[in-house]
Protein chains: 2
Amino acid sequence: MSLKFAILGLLDEEPHYGYEIKQKFEHMMGDLWPVSYGQLYPTLRKLAEDDLVTMKTVQGKKAVEKNVYSITDQGSTYFKNWLNNKKKKIQISIKDEFTLSLFFLDRIDPIDAEDILRDKLYELQEKHQYYTEEYQRYTENTAEYKKALMRKMLLHLDAEQKWIQELLDS
Amino acid sequence: MSLKFAILGLLDEEPHYGYEIKQKFEHMMGDLWPVSYGQLYPTLRKLAEDDLVTMKTVQGKKAVEKNVYSITDQGSTYFKNWLNNKKKKIQISIKDEFTLSLFFLDRIDPIDAEDILRDKLYELQEKHQYYTEEYQRYTENTAEYKKALMRKMLLHLDAEQKWIQELLDS
DNA sequence: CACAACATGTAAGATGTTACATGATTGA
DNA sequence: TCAATCATGTAACATCTTACATGTTGTG
C-alpha cells in the first residue's frame, strides 16, 4: 500500500486533515497520482487504529469541522524504517487490457488491427504533447520531484510509442 | 478485469480446463504475466454464473477430474465485442512504492539517497540483461506476440533506467 | 519412497474505484 | 441564488495476492 506511506510522509512534516492531504498530495504529484476519498478516509482510519497516527477534530471557519491527523512516534519510526530499509518495488506495467488485446489481434481483420494500433499511437502522441507542455510550464520554483515524475511519465510514453511503432513496422 | 478477457480469448478457440488455462496463458506471455489460482478459479466461476462459459466435469487419466470450460455464444459475442469496440486502457505505471519513496529522498542523507538510486539502477540492469538473454533465446517459431511483449518489457526497462540515470546526473 | 507435477479450490486481506449521501461556505 | 469548493464519509464492487487445504499421478 503506497498511499499509507504517502500519508505518513506528509504527516511526518506536519499535521494535516484529510481533504488537505488529498489536495496537497495530488498537487505535489502534478496530478499524475489521483487519490479517491473512498480510499483516503478508510486508510486514515486504519492508520489511526494501528496507532501510527492520532486524530483530533478541530473547528475550522464557522461550523466546519476538520479531522486533523498527526503522526505518532510509532508512525514516524515506521515511516523512516520504510524509507531507509525496505526493498521497494518498481512497477513495469505490461498487464493492461490494451496489451492483452494485441494478443488476439490475429482474430480480426488486419486492416482493423492496424487501425487500432494507429489510433493508440495517436492517443499516445496527444498525451505526450499534453504532458510536454505541462512540463514546460514548470519553473525553477517547481519542486524537483514533481519535474522528475513528469519526466518519468514522458520517458515511458516514449517507450510505449516506440513499441507500437515497431509493431506497425513489422 | 483483464483476466476475464484472457480466458474468454483462449476459450474462443477451444475448450480448456482451469489448470491448463493458467499454464497456457503464462507460457504465451513468456512468464511475464503470472496468474494465481486464487484469481483463476473464482473468475471461472463468475464467468459461468454470467453464462459466458459452461463447465463440464470430465474424467482425465484414472481418478483425476478436470473441469472443462467452453465458451457460450453469449461469451463469444461478449469477447468479440470487447476485442473490436471497447476503448482499452494502456497502463503507464508511475504509482509504485519506489517512485513514491524518491519523493521523500530529501529526508535522508544524500549519500544514502545516491546509493538507493545506484542499487535500483543495478537491479534494473540485471533484469534487463536477463530478459535480453530470454529474448535472444526466442526462435522464428516463437509466437510474434510473445516476442512483442518481451520487447515492450525491455523498452520500458530502458526508459526506467534512463530516468534513474538522469536523476543521478542531476 | 519421496518429490515434482497435476488438479481444484477457499479464506482473508490488500488495494483500489465508483457511486452515493450529507452539509457548510464562498464568490459571481 | 446558484454553482463551485470545502469537508467527511460509506457501500458496493473490482482486481489481485498469499496462504491454506486436499488429493492423484508420474518419475527417479
Side-chain angles (χ1 to χ4, degrees), chain A residues 1-8 15-27 29 32-50 52-53 55-69 82 86 88-89 91 93-97 99-100, chain B residues 1-8 15-27 29 32-50 52-53 55-69 82 86 88-89 91 93-97 99-100:
Chain A
M1 195 207 250
S2 293
L3 184 63
K4 178 168 77 177
F5 296 109
I7 293 171
L8 288 175
H16 291 95
Y17 55 96
Y19 187 86
E20 189 185 26
I21 288 171
K22 178 175 151 70
Q23 305 305 315
K24 195 163 179 175
F25 181 70
E26 287 177 346
H27 181 252
M29 296 301 167
L32 293 178
W33 194 327
V35 175
S36 68
Y37 293 120
Q39 193 193 353
L40 177 66
Y41 289 116
T43 302
L44 282 167
R45 200 204 318 126
K46 196 168 180 310
L47 287 171
E49 276 166 16
D50 295 345
L52 301 175
V53 305
M55 196 261 271
K56 200 178 150 192
T57 301
V58 167
Q59 288 295 331
K61 305 240 165 178
K62 308 258 170 161
V64 180
E65 288 196 339
K66 298 173 184 180
N67 295 337
V68 175
Y69 293 86
W82 170 77
K86 205 188 138 215
K88 291 174 266 311
K89 268 191 193 144
Q91 202 73 28
S93 182
I94 53 162
K95 294 152 64 175
D96 56 64
E97 272 196 27
T99 306
L100 176 67
Chain B
M1 196 206 249
S2 292
L3 184 63
K4 178 168 74 176
F5 296 109
I7 292 171
L8 289 175
H16 290 96
Y17 54 96
Y19 187 85
E20 190 185 26
I21 288 170
K22 178 175 150 74
Q23 305 304 316
K24 195 163 179 175
F25 181 70
E26 287 176 345
H27 181 251
M29 297 301 167
L32 292 177
W33 194 327
V35 175
S36 69
Y37 293 118
Q39 193 193 353
L40 177 66
Y41 289 115
T43 302
L44 282 168
R45 200 202 319 125
K46 196 167 179 314
L47 286 172
E49 276 166 16
D50 295 345
L52 300 175
V53 304
M55 196 260 272
K56 198 178 151 192
T57 301
V58 167
Q59 288 295 331
K61 306 242 166 177
K62 309 259 169 161
V64 180
E65 288 196 340
K66 298 172 184 182
N67 295 337
V68 175
Y69 294 85
W82 170 77
K86 207 187 136 216
K88 291 175 265 313
K89 266 190 193 147
Q91 201 73 29
S93 183
I94 55 163
K95 294 152 66 178
D96 57 63
E97 271 197 28
T99 306
L100 176 67

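To find a chain, count down the sequence lines: A is the first, B the second, and so on, and within it residues start at 1.
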[X] has an atom [atom1]; how far is it from atom [atom2] of [N], in whole Å?
X     : N      : atom1 : atom2 : result
B/I94 : C/dG16 : CD1   : P     : 13 Å
B/K56 : C/dT8  : NZ    : C1'   : 19 Å
A/K24 : D/dA7  : NZ    : P     : 14 Å
A/L40 : C/dT18 : CG    : C1'   : 16 Å
B/Q59 : C/dA7  : CD    : P     : 13 Å
B/H16 : C/dT8  : NE2   : C1'   : 17 Å
A/Q23 : D/dT8  : CD    : P     : 10 Å
A/D96 : D/dC16 : CG    : P     : 11 Å

The criterion is side chain to side chain donor-acceptor pair (under 3.5 Å); which residues satisfy it with [X], sequence neighbours excluded?
X     : result
A/K88 : none
A/W33 : none
B/Q91 : none
A/E20 : none

Given D/dT8, D/dC16, C/dT8, identify the nucleotide with an atom nearest to the side chain of B/L3.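 Ranking D/dT8, D/dC16, C/dT8 by closest atom to the B/L3 side chain puts D/dC16 first.
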Non-neighbouring partners of A/Q23 that pass side-chain contact (heavy atoms from CB on, under 4.5 Å), sequence neighbours left out: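 Expected list: A/Y19, A/Y37.
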Does C/dG16 have OP1 or OP2 sitting under 4.0 Å from an N or O in the side chain of A/S36?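 No.
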Would you say B/Y17 reaches C/dT8's phosphate, i.e. side-chain N/O to OP1/OP2 under 4.0 Å?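 No, because none of the side-chain N or O atoms of B/Y17 sits under 4.0 Å from OP1 or OP2 of C/dT8.
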If I take atom CD from residue B/E49 and atom CE from residue B/M55, how far apart are they, to the nearest 0.5 angstrom?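 Output value for this atom pair is 11.0 Å.
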Nearest 0.5 Å, please: how far is CG in B/L47 from CG in B/L3?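 Reported value, rounded in 0.5 Å steps: 8.5 Å.
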Whether each nucleotide of nucleotides 9-14 of chain C has a protein heavy atom under 4.0 Å at its base (B), only at its sugar-phosphate (S) or at neither (-) is summarised, 5' to 3', as BBB---
